[in-house]
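Read through the structure below, which is laid out as C-alpha cells, and then see the notes.
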There are 2 protein chains.
Amino acid sequence: MTKKRVTLADVARLAGLSTTAASMILTGRPDTRLSADAHAKVHAAAASLGYRPNVAARALRTDKSRLIAFISDYVATTRFASGLIRGALAAAEEAKHVMLVLETGGEPAREIQALEAALDRQVDGVIFAAMRAREVFVPDLPINVPTVMLNGTSARFPVSVLPDEYRGGEQAVALLKAAGINDGIVLLGHNAEQEAGLFRSESIAQRFAGIRAAMQSAGMTFLAELSCWNWEPSHGYELTRKQLKTARPRAILCLNDRLAFGAYQALGEAGLEVPDDVALVSFDNDELASYLRPGLTTIGLPHEDMGRRAVELLLSDANAPELVTMPIIERGSLPRA
Amino acid sequence: MTKKRVTLADVARLAGLSTTAASMILTGRPDTRLSADAHAKVHAAAASLGYRPNVAARALRTDKSRLIAFISDYVATTRFASGLIRGALAAAEEAKHVMLVLETGGEPAREIQALEAALDRQVDGVIFAAMRAREVFVPDLPINVPTVMLNGTSARFPVSVLPDEYRGGEQAVALLKAAGINDGIVLLGHNAEQEAGLFRSESIAQRFAGIRAAMQSAGMTFLAELSCWNWEPSHGYELTRKQLKTARPRAILCLNDRLAFGAYQALGEAGLEVPDDVALVSFDNDELASYLRPGLTTIGLPHEDMGRRAVELLLSDANAPELVTMPIIERGSLPRA
DNA sequence: TGCATCTGCTAAATGCTTTTAGCAGGGGGA
DNA sequence: TCCCCCTGCTAAAAGCATTTAGCAGATGCA
C-alpha cells in the first residue's frame, strides 16, 4: 500500500540517463538535442514504472501549478448559480487545469482566508464569482496572478464576465410583440417609481433598462407595474392574485422564473389558461421553467457559458470585460404568432 | 506588482535567527526550547513582512497538502445534489483544508484523469461522490490516502456516507398513519411486480424496503402502485391523471418531490384540494417542495450533512460506513392529525 | 575542579523537479 | 595539424520549507 513514489530519478536510472534528460524528454521540451533513442528509453521507463510527476516539486521550481481558484460568495452553495461552476470546471478540465473551490458566504474575513489559501498554493489565476451580479468586495491583498470577475464586477480588476441583460430585456419585449401582444402587459417584480431610490444590482438594472428601452421604442406601455423586493414564488402568487381582482392582463412579463411560478399558481386557481387567457415571459431559465405546464418561455441566464468564458479569459490573459448573450428558451407560455 | 515572495529565510534574517528557529516557531512546534524572546521576534518579523508559507515547498517536504479531492460524477454539475459539495466545503474550511473539485460525468477515462490529477497534487484524502447513491466505479490506481465514498459505495473502500433511506421509508409511512390515513394510499413511482428485475440503486431499494416494512407491520396495503422509470414532474402528472380516472386516492406517497410536483398539477386541474381531498408525502426535500402550495411535506435527503460527514470521516481516519438520518420536513400537504 | 546535563540555538540534509552552464568527443574548415 | 563548432548528454544549482543531528555555553552536583 505505502509504496514509495517513483521519482524522476528512478525513471532516469532505469533509462540509463540523467534526470536532466528525463525531465527534458518528459516535459516535451522543443529545442532539446536528445536522441530519438533517448526519448524512447525514457518514455518506456516512465511507462513501466508508472511515473507521475510530483506537482509540488514542479510548482516549487516553476511557480506554475495548473491550479485555478474559484472563490465565490454562495455559488457552490446555492443550486441557483451552480451552472457557473459547472462551466468553469469543464473549461478548466479542457485546459488541463484543476479547480480549487472556495466559498465565503460573502463574509470579508472568510474572503481573505480563501484568497490567502489560494495564493499560498500558487494558483495560476483566480476567479471571483458572485451569485448575483454586483460590485464584489475583493480583499485588499496583493494578487499577482490573472484575475477575472464572474457575474460581478470590481473596480480593481477590469476583466469580468456578465450576462448581456440589456439585450435580454429587449428580447423579452420583442418576444411579446412577436406573439402579437402589444398591450395589457403587466410587469411583475418591479415598479420604477416605487423603487426609485433602491438598487438591486447593476445587472438587474440593465435588465430593466433593456425592457424599458424596448417598450418605449415600440410605443408600448405597461398596464401595471407590480413591485416586490424578493422574487419568490409566493410574491408572484400574491401579486398576480391581487392584479386579477382589478384587471385581467393579456400577458405578464415576469422578472424571474420564480415569480412566474407563483403567477402560474394564481392563474390556475382563477381558472385562467396559459397562454390563451394570459401569456407569460420570464427570465433566468430556472429548472422550474421546464416543469411548469405549459413550459415557461424565458430568457435564460447563460451561467454555464459564463463559467467557461471566465476560465478561458483567465488563461488567455484577456483584459477586457465580456458580455455573454442570454439565450431565448421558447416553451409554451406565449401564443404562437 | 511582481514583488518577490517573502520566504522563511527573509523572516529569519529580519528576526536575527536561523530558518530552523523561524520554522519551528511559526509551525507552532510544541517541544521546542526556543525562548519567548525568539518567539516574539519571529512573529513580529513574519507579520511585518507579511510572510506566507509556500505550500508547495511544505508539501514537498511533509507530504501533506491540506488538500482534499472531491471527485464526483455529476454533483457540482447538477443543482440537485449540490448540497453534498456545500457541506463538504464547509467542513473542509473548518478543518483548514481546501477542496479540489473534479467532475467526471461518470466516464471512466475522465475518472482516471481526475484521480491522477488529484494524486499528483498529493491530496490528503479523496472523496468519491455520486449523484445518485450507487456502487461507484473507482479507477484501479493505487490510492494511498484515506478515501471515502459519498452517497455511493465501493467494494474497495469500506467507508461510505449514505442517507438512512430505510428509516426514511418507514417515516413516510408513519407520517401518513399519524395523520389518520390508513388506506386509499397510492404509491407513485414504483411497482414492485412490474419492476421486479430492475435495479435502481441500493439506496432507493432501501427506501422501498423501509416503506414496505412499515406498511406491512401496520397492516396497511396500497390502493395502487404506479410505476415509472424516470421520476420527473411530467410522469407524476400523467400517472396521477390516469389514477384519478379510476379511483380517487386519499393520499399519494410520492417517491420523490418532482413526481409530487406533477401530482399537484394533476390534482389542481381536477379541482382537488391538498391536503383535504388528497394528501401527499414525498422524498428529497427538493427546492420545489417549498414552492408548492400548500408546501409539500417530505423526507429530506440530508445532502449537506452527508457532505460534512464525509470530510469529517476522511480527516479522522474512520473505517466504518455511516448512515445519516433523513429529516422530516413538515409543510402543508398532510392533514393535521 | 571536573563531569554531566540542560538550555537555546543552528548547519546541513532532505524532498523532487527544472534549468543553467558546460563537458567530451567527433567532424569540418583552414 | 589546429581550432572551432556541433551533437548528445550531464553535474549542479535553485526553488522553499522541515527536520535531524549536534554545538556552545551555562548550570548543577560531587
Side-chain angles (χ1 to χ4, degrees), chain A residues 2-43 45-46 49-67 119-124 144, chain B residues 2-43 45-46 49-67 119-124 144:
Chain A
T2 322
K3 282 180 210 153
K4 275 268 288 277
R5 269 190 89 94
V6 0
T7 74
L8 189 61
D10 298 327
V11 173
R13 198 172 313 123
L14 179 59
L17 290 166
S18 67
T19 60
T20 305
S23 171
M24 286 173 157
I25 288 170
L26 291 178
T27 52
R29 269 222 187 174
D31 56 348
T32 189
R33 292 187 308 245
L34 295 160
S35 66
D37 180 56
H39 279 255
K41 281 195 292 193
V42 167
H43 279 124
L49 256 30
Y51 171 71
R52 303 244 85 219
N54 180 324
V55 178
R58 177 179 287 176
L60 183 57
R61 190 71 236 268
T62 62
D63 243 355
K64 291 262 156 279
S65 56
R66 304 196 81 78
L67 202 59
L119 262 16
D120 288 354
R121 284 177 172 79
Q122 254 103 284
V123 294
D124 290 348
N144 48 15
Chain B
T2 321
K3 282 181 212 156
K4 275 268 290 275
R5 269 190 87 94
V6 1
T7 74
L8 189 60
D10 297 328
V11 173
R13 199 171 313 122
L14 179 59
L17 290 165
S18 68
T19 60
T20 306
S23 171
M24 286 173 157
I25 289 170
L26 290 178
T27 52
R29 269 219 185 179
D31 56 349
T32 191
R33 292 187 307 243
L34 294 160
S35 66
D37 179 56
H39 278 256
K41 282 195 292 193
V42 167
H43 280 123
L49 256 31
Y51 171 70
R52 302 246 84 218
N54 179 323
V55 178
R58 176 180 287 177
L60 184 57
R61 189 73 236 267
T62 62
D63 245 353
K64 291 262 157 279
S65 56
R66 302 197 83 77
L67 201 58
L119 262 18
D120 288 353
R121 283 176 173 78
Q122 253 103 286
V123 294
D124 290 349
N144 49 16

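Residue numbering restarts at 1 for every chain, and letters A, B, ... go by the order of the sequence lines. Because only heavy atoms are used, hydrogens play no part in the values below, and waters and symmetry mates are left out as well, while side chains stay in. What you are looking at is a predicted structure, and each value in this text was computed from that prediction instead of being measured.
Comparing D:dC16, D:dG8, C:dG15 against the side chain of A:S35 picks out D:dG8 as the nearest. Closest to the side chain of A:T62, from the set C:dC9, C:dT19, C:dC16, is C:dT19. For B:A57, whose side chain is taken as the heavy atoms from C-beta onward, the closest listed nucleotide among D:dC16, C:dC9, D:dC9 is D:dC16.
In this structure, A:R29 reaches the C:dT19 phosphate: one of its side-chain N or O atoms is under 4.0 Å from OP1 or OP2. Distances shown here put a side-chain N or O of B:R58 below 4.0 Å from the OP1 or OP2 atom of D:dT18. OP1 and OP2 of D:dC16 both lie 4.0 Å or more from every side-chain N or O belonging to B:Y51.
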As a quick check of understanding, evaluate side-chain contact (heavy atoms from CB on, under 4.5 Å) for A:L26 and A:L8, giving each step before the final call.
CA-CA 9 Å; A:L26 291 178; A:L8 189 61; 3.8 Å; yes

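Contact between A:V11 and A:V6 at its shortest, heavy atoms only, is CG2-CG2, 4.4 Å. Here the closest heavy-atom approach between residue A:A57 and residue B:L60 is recorded as CB-CD1, 3.6 Å. Here the closest non-hydrogen pair linking B:V123 and B:L119 is CG2-CD1, 4.3 Å. The heavy-atom pair separating A:A22 from A:A12 by the smallest distance is CB-CB, 4.1 Å.
Nucleotide D:dC5 holds its P atom 14 Å from the CZ atom of A:R33, rounded to whole Å. Per the geometry, CG belonging to A:D63 stands 10 Å off P belonging to D:dG15, to the nearest Å. One can place CD1 of A:I25 at 15 Å from P of C:dT19, the figure rounded to the nearest angstrom. C:dG8 atom C1' lies 11 Å from atom CG of B:D37, rounded to whole Å. Here the P atom of nucleotide C:dT19 and the NZ atom of A:K64 are 11 Å apart, to the nearest Å. Protein atom CD of A:Q122 is 17 Å distant from nucleotide atom P of C:dT17, rounded to whole Å. Here the P atom of nucleotide D:dC9 and the NE2 atom of A:H39 are 9 Å apart, to the nearest Å. Spacing between atom CZ of A:R13 and atom P of C:dC16 amounts to 11 Å, rounded to whole angstrom units.
At least one side-chain heavy atom of B:L17 sits under 4.5 Å from a side-chain heavy atom of B:V42. Here the side chains of B:D63 and B:Q122 are in contact, with some heavy-atom distance below 4.5 Å. Proximity of A:D124 to A:L67: side-chain heavy atoms (C-beta onward) are nowhere separated by under 4.5 Å. B:R66 has its side chain within reach of A:R121: a pair of non-hydrogen atoms, C-beta onward, lies under 4.5 Å apart. With contacts defined as side-chain heavy-atom distances shorter than 4.5 Å, the pair A:K41/A:I25 does not qualify.
Positionally, the nearest nucleotide of DNA chain C for B:R61 lies more toward the 5' end than for the other of A:V55 and B:R61.
Here B:A56 lies out of heavy-atom contact (under 4.0 Å) with every strand.
Comparing the end axes of the helix from C:dT1-D:dA30 to C:dA30-D:dT1, each fitted to five base pairs by superposing C1' atoms of four pairs onto the next four, gives an inter-axis angle of 60° (nearest 10 degrees).
Proximity of residues 14-24 of chain B to DNA chain D (heavy atom under 4.0 angstrom from any strand atom) is restricted to B:T20, B:S23, B:M24.
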